[in-house]
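Remember, predicted model here, so these are calculated numbers, not experimental data.
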Amino acid sequence: MLAEFGAAGNSDAFYAAGYKASAQMPKWLFEQGLNAYEYQCSRGARVREETARLIGQNAAAYHISLSIHGPYYISLATEDETTAANTIKHFLQSLEVARWMGADRVIFHIGGPGKLKREKAMERAKALFAVVLNQAEKQGLQDISLAAETMGKKNQLGSTLEEVLELCKMSRQVRPAVDFGHMHAVTCGGYTAKEEYAAVFDRIGEVLGSEAACRLHIHFSRIEYTGAGEKRHWTFADPYGPPHEPLLALIAERRYMPRIICESAGTQAADARSMQEFYQQLLK
């Protein structure tokens, strides 16, 4: 098995070709030579069951691996009871959509610390997340992975790999989703060398085991940043980092099998294909 490459959401080219519905994306991605799709529930997991099942059926027919990006409204460290209840609901709804769709993982943001000190905020986040995991098990949704994403702004929880790993250590259901564009932004220019990428995989392997490192869920895009971190996603044609070549060289060298989802601004499928072609040349 090799690395998988795919797109986050629907590319501009998809709509330019006359397509309108996400259920058509698996076939379109297959025609682009790609094999992964991250369906976006960032504004809420409100997709109808019929639609979700159709996307899943088409993905299976075209051998497209599916993941879901959970709502941005998730806030695990919140001190507000209503927001906490809604956060649990967002997780469970996302997992239910994943079940309908046949997606094997839900990617999520931990949220901000609010007015709490960072360490205290992480304690609250883990406490609420424990409730989420318990509810997911009660509803039989524990076989779908929850992937905590590394964030691109310094004031967000999860802006360090260690914070993400803290959640991952709570359950076998939890895995990291490493966004190297975010890590580039939050470090104001890091992650340009193979050694820096290697350190991430090595640390994940040390904490969670070699399988977690080998099958890592990865987000990748070019990102403009400021001193506070992420500012804006761009495309591979734009003059921003990080570079994908050292990352793919490491993946090919170590024979890792990650799922790499491109989050370029509108050109995510084309840029995912560029990464895939470079990776395939390395394997030769």
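Contacts of F220 classified as ring pair (Phe, Tyr, Trp, His ring centres under 6.0 Å), with partners at least two apart in sequence or in another chain: none.
Between H63 and F30, the distance separating the two ring centers is not shorter than 6.0 angstrom. Taking the six-membered ring for Trp and the full ring otherwise, the centers of Y73 and H90 sit less than 6.0 Å from each other. Side-chain rings of Y72 and H109 approach one another, their centers coming within less than 6.0 Å. Taking the six-membered ring where the residue is Trp, the centroids of F129 and F91 are separated by under 6.0 Å. For an aromatic pair to be called close, the ring centres must be under 6.0 Å apart, and H244 with F180 fails this.
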Just list the side-chain donor-acceptor pairs under 3.5 Å for residues 121-128, sequence neighbours left out, or say none.
from: R124; atom 1: NE; to: T78; atom 2: O; distance (Å): 3.4
from: R124; atom 1: NH2; to: T78; atom 2: O; distance (Å): 3.0
from: K126; atom 1: NZ; to: E166; atom 2: OE1; distance (Å): 3.1

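With respect to E96 and R99, no salt bridge is recorded, no charged nitrogen being found less than 4.0 Å from a carboxylate O. Classification of K231 and E224 as a salt-bridged pair holds, one side-chain N sitting under 4.0 Å from a carboxylate O.
One side chain, H217 or R105, offers a donor N or O that lies under 3.5 Å from an acceptor on the other.
Two residues are said to be in side-chain contact when any heavy atoms from C-beta on lie closer than 4.5 Å; W28 and S11 meet this criterion.
Among pairs with a residue in residues 257-271, those fulfilling side-chain hydrogen bond (donor to acceptor under 3.5 Å, both in side chains) read E4-R259, D104-R259, H219-E263, S264-D271, T267-D271, at least two apart in sequence or across chains.
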